[in-house]
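Since this is a predicted model, take the numbers as computed values, not measurements.
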Amino acid sequence: MSHPSAKEMTGARYMAEALAGLGVSHVFFMDAILRPTLVEMEDVGIKRILTHSEKAAAYMADGYARVSGRVGVCMAQSVGAANLAAGLQDAYLHRAPVVAMTGRKEPMLRHRNAYQEIPHTPLFAPVTKDSLDVAETAELPHLLAQAFRTATDGSPRPVHLDLNGLGGELIEQGRLNDPALPDPALGALPVDRPLAPGRAIGIAADRLAASTRPVIVAGTGAMQAGAQDAIRTLSERHRIPIATSLGGRGVVPTTHPNHMGTVGTYSAPPGNRVVSNADLILFIGCHAGDQVTNAYTVPRPGTPIVQIDLDGQEIGRSYPDTTAVWGCPRHAVTALTAALAPQPGWADWLKDAQSIMQDWRDEMAPLCQSDAKPMRVERLCREISAALPDDGVLVADTGYSGIWTATMLELPHPGQIYLRAAGSLGWAFPAALGAQMAAPDRPVVCFSGDGAFYYHLAELETQNRWQVPLVTVINNNAGFGQGIYKLKSIYGDRSGRQEELNRFGPTDFAALARTLGIEGIRVEDPADLAPALNRAIAARKPALIDVVTDIDPRAPEPWAPPA
């Protein structure tokens, strides 16, 4: 293929070289968008992942971004823009850096009932930090860099680029004369972040020292800032219990004696009880929304708060009595650990919290060892915990998949990563594919319910086409288990067909996987699960394990303080 001279290039060539320079190794797209650019991408070594829906492309870019800490890129033509925007909700809620590109009709066709065209900016406004209109090729160097800069700065979140032309072709065809390529550092979450002022650290240390029952609650921002070791040191040195949001799960190994589990609505009882009993909460990179606080009841209203966050707009948003520490969570926690005087009384408080956690573990142990058929999900979670390698990545869907894995699935090794859907059912499978592509040397396991897996089962073909060595485990109970008892209570004594509202299948997903070239393993006996998991994970080949489970057992319910 011939190319323009080094000093002049097409917009298509510029985008390919710029993305490669930014460290983008994969792009995820639904045809037909930026076709000349995709051809140029092959020349610079970027893998082009054609998906079967725009949402799947967005979810893959999201999973890629969360594991790698780099910007995920997804793309769709004009008519697919609404679907792509819908797929960005999870990345927005989780605060993942994603750049979404769409084509749009040229200006003379706008506001004239152009075929399949609607305004894109309103679609992307709720799920992006910014939506940038690229009207001519000359804008490309500035706006592409700005999109990556915005996506990674502060609280990371998606950014939208709307490119002139149905498939962006008007931007691709234009020529640039010796354009500057973006700073490669813009392609990843920043290494250097603003440091919290020493005065704020001192005030926070004094307030923390005045408490008798402090608890750390760590969130996504702590993970993104690499604050894991700093938080563990603070907890161990000063004997402070740690709870987490779902996004902060894994900030310390879940079997660490100071770890109290997740807190909020997707929590087992001990996490909420310990946080509710605290007389001060140290939120670290956690925005304290209704999920992590169980509708703002845990911690109790009026509890003193110290909140460390890179995003100053989030500090004090949910709890008024908040001491603000604006800056990098990793540096702030390290400074706070050094500034905090030893508090001997905290050791007894930690022992009380540990006792609450241990009592609950003892209560759950028989369920985790159950040989019942159909299988209990507690047993499924235990076997995945044992099989997941030290450097493994666990990707969980939303709803009961999130609750089960947040409460019953252990991550005992510091190198393990936990990713979860922020609310989009069906997110986990395509997101896990993106995560595995971003981290090809790490074993990735996807945990999905059957109801969620139906959303994007077509991506089994994508997995086979690219030979992505992801292992997907399906909790197959032939229905939406989370809503069963709610529906029973609504029906009451009324006769009717409740099953029409939340039951489907049964489907043999292992057989379906085999028809699409993926190894499919059906497990009905609990004794067969561990060998199947260990063999599939060790093989480093595409695999799906279809586990027949009981729909009736309830996931752990969150504890709430008395009204």
Side-chain angles (χ1 to χ4, degrees), residues 10-16 18-19 27-42 46 48-62 72-92 98-140 142-144 146-147 158-176 424 426 430 455-459 461-462 465:
T10 63
R13 183 68 187 186
Y14 177 81
M15 279 191 278
L19 292 176
V27 296
F28 307 93
F29 72 99
M30 182 64 182
D31 196 50
I33 178 70
L34 295 175
R35 282 170 168 163
T37 302
L38 290 165
V39 171
E40 298 284 3
M41 285 181 185
E42 183 178 19
I46 297 175
R48 304 147 310 163
I49 311 300
L50 172 65
T51 66
H52 293 285
S53 75
E54 294 85 0
K55 284 182 72 175
Y59 293 166
M60 289 182 195
D62 184 5
V73 176
C74 54
M75 308 186 302
Q77 66 163 306
S78 178
V79 71
N83 290 336
L84 194 69
L88 294 177
Q89 173 178 285
D90 227 86
Y92 183 85
V98 172
V99 168
M101 300 183 184
T102 56
R104 64 162 173 81
K105 293 288 183 73
E106 55 266 33
M108 282 303 294
L109 293 177
R110 289 193 284 184
H111 310 293
R112 298 175 66 188
N113 298 316
Y115 177 56
Q116 296 181 333
E117 181 77 359
I118 58 175
H120 293 170
T121 300
L123 298 173
F124 285 87
V127 291
T128 60
K129 290 172 77 174
D130 205 355
S131 182
L132 308 174
D133 182 63
V134 186
E136 56 185 81
T137 310
E139 295 182 294
L140 198 52
H142 164 60
L143 293 181
L144 184 63
Q146 183 62 16
V159 175
H160 171 224
L161 282 173
D162 208 20
L163 304 167
N164 198 357
L166 180 66
E169 65 279 356
L170 296 183
I171 299 302
E172 293 178 301
Q173 293 164 3
R175 292 188 174 272
L176 295 165
S424 301
Y455 272 68
H456 297 292
L457 57 81
E459 301 307 332
E461 187 281 327
T462 307
R465 184 175 5 117

Exercise. Excluding sequence neighbours, so at least two apart, what forms side-chain contact (heavy atoms from CB on, under 4.5 Å) with Glu139?
Worked result: Val134, Ala135, Glu136, Leu143
Problem set entry | Stepwise side-chain contact (heavy atoms from CB on, under 4.5 Å) test for Ser53 and Asn83 | CA-CA 8 Å; Ser53 75; Asn83 290 336; over 6 Å; no
Problem set entry | pair Glu459-Met60: side-chain heavy atoms closer than 4.5 Å | yes
For this session: Under the side-chain contact (heavy atoms from CB on, under 4.5 Å) rule, what do Lys105 and Leu166 come out as? Steps first, then yes or no, please.
Result: CA-CA 5 Å; Lys105 293 288 183 73; Leu166 180 66; 3.6 Å; yes
Exercise. Judged by atom type as modelled, is there a donor-acceptor pair below 3.5 Å linking the side chain of Glu172 to the main-chain atoms of Thr37?
Worked result: yes
For this session: Looking only at non-hydrogen atoms, find the nearest pair between Tyr59 and Ser424 and report the distance.
Result: OH-CB, 3.4 Å
For this session: Under the salt bridge (Lys or Arg N to Asp or Glu O under 4.0 Å) rule, collect the residues that match up with Asp162, sequence neighbours excluded.
Result: none
Exercise. Are Arg48 and Glu42 close enough, and set up right, to give a side-chain contact (heavy atoms from CB on, under 4.5 Å), and what steps lead you there?
Worked result: CA-CA 8 Å; Arg48 304 147 310 163; Glu42 183 178 19; 3.4 Å; yes
For this session: Kindly indicate whether the side chain of Val98, heavy atoms from C-beta on, has any atom under 4.5 Å from the side chain of Cys74.
Result: yes
For this session: Check whether any side-chain heavy atom of Arg104 lies under 4.5 Å from a side-chain heavy atom of Asn164, and answer yes or no.
Result: yes
Exercise. Excluding sequence neighbours, so at least two apart, what forms side-chain contact (heavy atoms from CB on, under 4.5 Å) with Ala125?
Worked result: none
Problem set entry | Minimum side-chain heavy-atom gap Leu50-Phe29 below 4.5 Å | yes
For this session: Would you mind reporting whether Leu144 and Met101 have side-chain heavy atoms less than 4.5 Å apart?
Result: yes
Problem set entry | Minimum heavy-atom distance Gly167-Ile33, with the two atoms named | O-CD1, 3.5 Å
Exercise. Between Ile118 and Leu123, is a side-chain contact (heavy atoms from CB on, under 4.5 Å) present by the stated rule, with each step listed?
Worked result: CA-CA 9 Å; Ile118 58 175; Leu123 298 173; 3.9 Å; yes
Exercise. Of all residues at least two apart in sequence or in a different chain, which pass the side-chain contact (heavy atoms from CB on, under 4.5 Å) check with Tyr455?
Worked result: Leu425
Problem set entry | ring pair (Phe, Tyr, Trp, His ring centres under 6.0 Å) contacts in which one or both residues fall within residues 100-123, not counting sequence neighbours | none
Problem set entry | Min side-chain heavy-atom separation Asp133-Thr121 under 4.5 Å | no
For this session: Please name the pair of heavy atoms, one in Leu170 and one in Gly165, separated by the smallest distance, quoted to 0.1 Å.
Result: CG-CA, 4.1 Å
Exercise. Is there a donor-acceptor pair closer than 3.5 Å between any side-chain N or O of Thr10 and the backbone N or O of Arg175?
Worked result: no
Exercise. Hey, are Ser78 and Glu117 close enough side-chain-wise for a donor-acceptor pair under 3.5 Å?
Worked result: yes
Seminar exercise, completed: Closest non-hydrogen atoms of Glu40 and Ala16, given as atom of the first, atom of the second and distance, are CB-CB, 3.6 Å
Exercise. Which distance, rounded to the nearest 0.5 Å, do you find between the NE2 of His52 and the NE2 of His456?
Worked result: 12.0 Å
Problem set entry | Minimum heavy-atom distance between Leu84 and Ala100, given as atom pair plus value | CD2-CB, 3.9 Å
Problem set entry | ring pair (Phe, Tyr, Trp, His ring centres under 6.0 Å) involving Phe124 - partner list, sequence neighbours excluded | His160
Seminar exercise, completed: Scanning both residues in full, the closest heavy-atom pair of Ala76 with Glu54 reads CB-CG, 3.6 Å
Exercise. If only atom types and distance count, is the side chain of Thr137 paired as donor or acceptor with the main-chain N or O of Ile171 below 3.5 Å?
Worked result: yes
